[in-house]
Amino acid sequence: MLKLLKKSGLACAALATLAIVSMPAHAGKTLDAIKARGQVICGVNVGLAGFSGADSNGVWTGLDVDVCKAIAAATLGDANKVKWVPLNAQQRFTALQSGEIDILSRNTTFSLSRDASLGLSITAVTYYDGQGFMVPAKSKVTSAKQLKGATVCVQSGTTTEKNLSDYSRANNLSLKPIVFEKQEAVNAAYFSGRCQAYTTDASGLASVRNKEARVPTDHIILPDLISKEPLGPMVRRGDDEWAAIAKWVIYGLVEAEEYGITQANVDAMQKDSKDPVVSRLTGSGEDIGKLLGLDKDWLVRSIKAVGNYGEIFERNVGPKTALALPRGANNQWNKGGQMYAYPLR
């Protein structure tokens, strides 16, 4: 009898575990609020070419912008149902903490302190970057270690400022930071000749040079990278369901590229592909959307709206754009890069 009870108990436990594992997710309070208002509120940079910026008609484009569009398509069925909130470096975390925005998609570096002490959660990396330096070509400087004693323009409230201090001390360079609160002020100071160098993420330097320099070739970005800068969106802590949606939309776009699903062929792949992974991604097989509190076509809508990760990269910052950034570390893991999606299953 005792053995029978034990077996019965184990069987019940196994069934209970199976039920929990396969249980559809509750939408979560953030998604409920988003559906009620009919918009995702997305915090973005006030203007960083290739990552986020608005044209004269108020239309926002960029890699960080496309992430929010993909999330809106997945959750609301329409990539245009986004309210854009431009934020500077000092405003960005407060805006997310206070509930002014639902998600911060603004070239923000993931770090231990930001993950552990701000009441925020990191999602997934959308751009692997590193901090660099830009100098006037006429300076003849070819390495950051030639900048001993130089004045360097930098924005306050960023990991950039701290990295600059660390690098200066570690290499005995006695660099002299000239610190500004707003990026526009940093740009103006550097291009007016107030600083001998400008430091920020290498992608940001390429953006600033392309957008702000009268003659971009008059300025060079030094080859030295002095830090790791994994950039990606953040959400408020305390709503695991919303954090999961933001994270898995990004992973879905990365995995879509790996399996050849594009903006142009996603409908055909959904209809005709026999690959079990493609079937999961497109909702024609196993329904993984229900685990996120979404329907089976959530990722198809995202891909149709903005393309896969590779398409997003190439359209906004890739070699054929004005920024001309190589894929490099942002290539797929099986092509020598670091873009690696957790399995969508």
Side-chain angles (χ1 to χ4, degrees), residues 43-53 61-68 87-89 92-93 104-115 120 122-135 144 152-167 183 186-187 190 197-212 219-234 247 250-251 253-254 257 309-310 312-319 321-333 335-341:
V44 290
N45 197 307
V46 294
L48 186 65
F51 289 86
S52 65
T61 57
L63 189 150
D64 289 337
V65 167
D66 280 346
V67 170
C68 283
L87 299 165
N88 64 32
R92 55 183 166 173
F93 299 126
L104 178 67
S105 186
R106 186 205 175 279
N107 59 296
T108 296
T109 300
F110 294 161
S111 68
L112 184 150
S113 60
R114 289 175 174 177
D115 184 39
L120 306 176
I122 61 178
T123 57
V125 176
T126 53
Y127 191 92
Y128 287 98
D129 211 343
Q131 184 173 328
F133 293 87
M134 180 164 64
V135 297
V152 184
C153 283
V154 63
Q155 189 176 9
S156 63
T158 62
T159 55
T160 308
E161 185 181 8
K162 296 176 181 178
N163 292 337
L164 178 64
S165 177
D166 288 349
Y167 183 73
Q183 184 179 315
V186 185
N187 298 346
Y190 170 74
Y198 185 147
T199 187
T200 189
D201 298 342
S203 62
L205 292 173
S207 175
V208 169
R209 179 176 63 176
N210 173 67
K211 183 179 179 183
E212 304 292 340
H219 303 270
I220 62 171
I221 298 171
L222 300 178
D224 315 68
L225 293 180
I226 67 170
S227 69
K228 301 188 294 290
E229 304 294 329
L231 311 179
M234 300 187 78
K247 177 171 62 179
I250 296 166
Y251 285 144
L253 298 175
V254 174
E257 180 187 12
Y309 176 79
I312 293 169
F313 185 100
E314 296 299 329
R315 179 172 61 249
N316 292 298
V317 301
T321 69
L323 268 63
L325 296 174
R327 278 297 290 268
N330 295 291
N331 216 331
Q332 286 280 337
W333 67 279
K335 294 183 178 179
Q338 293 177 233
M339 273 296 161
Y340 187 114

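None of these values were measured; they are calculated from a predicted model. This chain uses plain numbering: 1 for the first residue, then up along the sequence.
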Colleague: Can you tell me how far the NZ atom of K228 sits from the CZ atom of F110, to the nearest 0.5 Å?
Modeller: 14.5 Å
Colleague: Over 60° means perpendicular and under 30° means parallel, so tell me whether F313 and Y127 are parallel, tilted or perpendicular.
Modeller: parallel
Colleague: Using every non-hydrogen atom in the two residues, find where T123 and Y251 come nearest and quote the distance to one decimal.
Modeller: O-OH, 4.5 Å
Colleague: Mind checking the CG-CD1 spacing from D64 to I312? Nearest 0.5 Å is all I need.
Modeller: 10.5 Å
Colleague: Are any of the side-chain heavy atoms of Y198 and R209 separated by less than 4.5 Å?
Modeller: no
Colleague: Can you tell me how far NZ of K211 sits from CG of L323, rounded to the nearest 0.5 angstrom?
Modeller: 11.0 Å
Colleague: To the nearest 0.5 Å, how far apart are CG in L104 and CG in N45?
Modeller: 10.0 Å
Colleague: Checking N316 against D66: is there a side-chain donor and acceptor pair closer than 3.5 Å?
Modeller: yes
Colleague: Out of curiosity, F51 CZ to S207 OG, how far, rounded to the nearest 0.5 Å?
Modeller: 7.5 Å
Colleague: Checking side-chain hydrogen bond (donor to acceptor under 3.5 Å, both in side chains) between E229 and each of N107, T109, T160, which is the one that passes?
Modeller: T109
Colleague: Measure centre to centre between the rings of Y190 and H219, then say whether the value is under 6.0 Å.
Modeller: yes
Colleague: Decide yes or no for P233 and K247: does some side-chain heavy atom of the first lie under 4.5 Å from some side-chain heavy atom of the second?
Modeller: no
Colleague: Which atom pair, heavy atoms only, marks the closest approach of Q332 to R327?
Modeller: N-NH2, 3.8 Å
Colleague: Can you name the closest pair of heavy atoms from A144 and D224 and give their distance?
Modeller: N-OD1, 3.1 Å
Colleague: Testing the basics here: between L87 and G43, what is the closest heavy-atom pair and its distance to 0.1 Å?
Modeller: CD1-CA, 3.8 Å
Colleague: Is there a side-chain contact (heavy atoms from CB on, under 4.5 Å) between Q183 and V46 once you walk through the steps?
Modeller: CA-CA 9 Å; Q183 184 179 315; V46 294; 5.6 Å; no
Colleague: Between S165 (side chain) and K162 (backbone), is there a donor-acceptor pair under 3.5 Å?
Modeller: no
Colleague: Let me confirm one number: the CD1-OH distance from I250 to Y309, rounded to the nearest 0.5 Å.
Modeller: 10.0 Å
Colleague: Under a 3.5 Å threshold, yes or no: a donor from one side chain and an acceptor from the other, between T199 and Q131?
Modeller: yes
Colleague: Looking at L225 and G130, what are the two nearest heavy atoms and their distance?
Modeller: CD2-O, 3.6 Å
Colleague: What's the verdict on side-chain contact (heavy atoms from CB on, under 4.5 Å) for T200 and V208, showing C-alpha distance, side-chain angles and the deciding distance?
Modeller: CA-CA 10 Å; T200 189; V208 169; 5.6 Å; no
Colleague: Could you walk me through whether V154 and V186 pass the side-chain contact (heavy atoms from CB on, under 4.5 Å) test, one step at a time?
Modeller: CA-CA 6 Å; V154 63; V186 185; 5.8 Å; no
Colleague: With no hydrogens and no angle check, is any side-chain donor or acceptor of E257 less than 3.5 Å from a backbone partner on G310?
Modeller: yes
Colleague: Between V125 and Q338, does a side-chain contact (heavy atoms from CB on, under 4.5 Å) hold up when you go through it step by step?
Modeller: CA-CA 10 Å; V125 176; Q338 293 177 233; over 6 Å; no
Colleague: Any idea which heavy atoms bring G204 and D129 closest together, and the distance?
Modeller: N-OD2, 4.5 Å
